[in-house]
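Worksheet: the structure to be examined is printed underneath.
Every value quoted in this text rests on a predicted model; they were computed, and no experiment measured them. Just so we're on the same page: letters track the sequence lines, and every chain starts at 1. Just so you know, these numbers use all the heavy atoms, side chains as well, and skip hydrogens, waters and symmetry mates.
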Amino acid sequence: MTDTIITRFPPSPTGYLHVGGARTALFNWLYARKTGGKFILRIEDTDILRSTEESVRAIFEGLEWLGIDWDEGPFYQTKRFDIYKKYLDQLLAEEKAYCCTCSAEEVETMREKARAEGRNPMYDGTCRHKKLPPQPGAVVRLLTPDTGSTRIDDVVKGPIAIPNTEIDDFILCRSDGVYTYNFAVVIDDLTMHISHVIRGDDHVSNTPKQILIYEALNAPVPKFGHVPMVLGPDRTRLSKRHGALGVMEYKKMGFLPEALLNYLVRLGWSHGDQEFFTIEDMKELFTLEAIGRSPGVFDVDKLTALNAEHMQKKSPAELLPLLLEQMTALGIPHGPEDPRLPAIIALLQPRSKTLVEMAQQAESFFVDPTSYCEVAAKKNFKGGSVDVLKKIEEKLMTAEEDSLEAMEALLQSVCDEMDLKLGKVGGPLRVALTGKGQSPGMGETLALLGKERSLPRIRAAIAHLETF
RNA sequence: GUCCCCAUCGUCUAGCCCGGUCCAGGACACCGGCCUUUCACGCCGGCGACAGGGGUUCGAAUCCCCUUGGGGACGCCA
């Protein structure tokens, strides 16, 4: 009826938003944005037992964090039963679906039998021609063809054909009156005018069933695109046992949403050799044709590298609120609006792969070291270190300003006067000031710490060395 | 077991559709080196793959077949 592109993301609220789901959401979203189409959010909560309100909130939270917004919805399938009923009645009236009173146990026996005979386990059609009237406890099944095959013209995988003998008369409506996934999706996609169904590979075997429903309804079939799964390091489908999967876990680990998105879009899709994509790049360049056909292994190292790159490309002002949030989450004290923050961030940007790393390194600028890193102290606190620190203390005390230039000049003069290389001066100072073996340059550190904070730390180190 | 899908460096991938320009390119990781007051960043270099076998062809990573391997699905879950 219209040629605008309409995609959708239909999570089932049985858990948080995981990276696999986020990726399919991303692909659908990007395709809609790229083509100026619409992106719909639909909550598939027909599994009454497992669907929870909490999961719905978790999914919203994840999408919001990622910046994936939707144009319509969220629609809830459990609120659309009247619509499903209308279509089901039509199918029943046209005898394209029928009632079945076989028990779950009976069906299970049929499946075992089929398996034993080397066939695909499925329902054998016992109630097919019984013309049973609707009754409590009965399920409604689709009357599927016994011959021929059903074709999918998959936009990412190409043509796929499944023999109809492999498809049984599956259930459209359960005995408790709740519609099944396969039926609800079709009716929703149909009534929402979804043009492209982009979803995980794991749905390919559902697709012919769904196509059969469209055909029974004489309805137009949308385009399907099945994207390969995301695998864990052991090359099986990514799942809880592979570690942190909830999208919000990645936030906790200090990843930027755009970095996660960048990583996810590249996992299974490519645009030549380009690795770095901003959200805008993705919206502009994404195509269904460039989605790969083979599954990919999720690699945190690569995500981390991409995250580092995104962090470097952001401005300190953009990073500021994110860093403060992270520091708070980690319990690292920070001045609410410390004017030094932008400068600290700029210094830490090239040496932080995640916000967590940045927060941990930023700690030195707000909290005095409570102990000295053992290896760093061993390497840098040795004979002569006290003298170096005393010299620095002396000069710092009389310093008129603590600008970067002044601090670097101060350090240089210490070297000159004591006839030492910069390394001999920077080493002990670094441990004194930060307690660590690594930090930004000493000139910068001194300048940002300022005289007032630096002096006590240096004195503490001197005291430590003298009593030791 | 049955059906479907997939197959380029350890990983993500370019190239494949429209065979030659590919003794296969990029990125992550790893290993060296340079830079350097430490750690990073940056730069330079290295390691490293067309699963195997048959065809087709003057010529195949690219086309066809088989084998093997991997993934997925077989629910009154989605």
Side-chain angles (χ1 to χ4, degrees), chain A residues 10-14 44-47 49-51 77 100 102-104 107-108 111 114-123 138-141 152 154 157-158 160-163 165-168 170-176 178 180-182 184-185 200-208 226 228-229 231 233 235-237 263 266-276 289 292-306 308 312 347-353 357 361 376 379-380 411 415 420-427 429-431 434 436-443:
Chain A
S12 62
T14 52
E44 309 213 321
D45 53 356
T46 54
D47 185 342
L49 288 179
R50 286 189 290 175
S51 297
Q77 290 189 320
C100 162
C102 294
S103 68
V107 175
E108 185 47 42
R111 279 197 266 265
R115 206 185 291 267
E117 289 169 2
R119 287 180 295 114
N120 189 11
M122 45 190 215
Y123 175 68
V139 300
V140 178
R141 293 178 181 274
I152 309 171
D154 199 288
K157 287 182 179 285
I160 299 171
I162 284 93
T165 49
E166 294 298 318
I167 303 169
D168 68 353
F170 58 96
I171 296 176
L172 303 177
C173 184
R174 302 177 176 95
S175 53
D176 62 1
V178 177
T180 61
Y181 160 76
N182 275 128
V185 191
D201 223 350
D202 51 341
H203 283 287
V204 287
S205 55
N206 283 320
T207 306
H226 291 96
M229 300 274 85
L231 273 26
R235 303 207 64 98
T236 65
R237 185 180 176 171
Y263 176 71
R266 273 285 292 130
L267 183 57
W269 174 82
S270 61
H271 184 256
D273 283 337
Q274 188 172 342
E275 301 281 351
F276 185 90
E289 295 70 37
R293 296 127 308 237
S294 48
V297 175
F298 190 86
D299 179 15
V300 190
D301 284 341
K302 186 141 186 175
L303 202 210
T304 306
L306 229 22
Q312 285 216 60
L347 222 44
L348 262 20
Q349 267 175 292
R351 45 202 117 211
S352 312
K353 291 186 190 296
E357 283 186 19
Q361 295 180 86
K379 191 172 166 195
N380 296 293
L411 252 22
C415 292
L420 290 171
K421 304 256 280 181
L422 221 41
K424 297 284 178 199
V425 175
L429 213 214
R430 170 166 295 108
V431 182
T434 68
K436 299 174 189 162
Q438 313 90 255
S439 79
M442 292 324 294

Contact class for A:Cys102 (heavy atom, under 4.0 Å): base, sugar-phosphate, or nothing?
base
List the atom pairs, donor and acceptor, that lie under 3.5 Å between side-chain atoms in residues 293-300 of chain A and the rest of the protein, sequence neighbours left out.
from: A:Asp299; atom 1: OD1; to: A:Asp301; atom 2: N; distance (Å): 3.2

Which letters describe nucleotides 41-46 of chain B, given B = protein heavy atom under 4.0 Å from base, S = only from sugar-phosphate, - = neither?
S-----
side-chain contact (heavy atoms from CB on, under 4.5 Å) partners of A:Ser205, counting only residues at least two apart
none
Report the residues that fulfil salt bridge (charged side-chain N to carboxylate O under 4.0 Å, His left out) with A:Arg119, sequence neighbours left out, ordered by chain and then residue number.
A:Glu117
Can you tell me the distance, in whole Å, between the CZ atom of A:Phe276 and the P atom of B:rU13?
19 Å
Spell out protein contact along nucleotides 68-74 of chain B as letters: B when the base is contacted, S when just the sugar-phosphate is, - when no protein heavy atom is under 4.0 Å; keep the 5' to 3' order.
---SSSB
Can you name the residues that form a ring-ring contact (aromatic ring centres under 6.0 Å, His included) with A:Tyr181, not counting sequence neighbours?
A:His203
Pair partner, B:rG59 [Watson-Crick or wobble, under 3.5 Å]:
none
What's the closest nucleotide to the A:Asp47 side chain, out of B:rA78, B:rA7, B:rC4?
B:rA78
Strictly under 3.5 Å: I want the nitrogen or oxygen pairs between protein and nucleotides 31-33 of chain B, one per line.
none

For A:Ser270, what residues pass the side-chain contact (heavy atoms from CB on, under 4.5 Å) criterion, not counting sequence neighbours?
A:Arg266
I'd like to check the salt bridge (charged side-chain N to carboxylate O under 4.0 Å, His left out) partners of A:Arg351; sequence neighbours left out, ordered by chain and number.
none
Any protein N or O atoms within reach of nucleotides 23-26 of chain B? Criterion: under 3.5 Å, listing atom names and distances.
from: B:rG25; atom 1: N2; to: A:Asp273; atom 2: OD1; distance (Å): 2.7
from: B:rG26; atom 1: N2; to: A:Glu275; atom 2: OE2; distance (Å): 2.8

Which residues pass the salt bridge (charged side-chain N to carboxylate O under 4.0 Å, His left out) test with A:Arg141, sequence neighbours left out?
none
With sequence neighbours excluded, tell me which residues meet salt bridge (charged side-chain N to carboxylate O under 4.0 Å, His left out) with A:Lys157.
A:Asp201
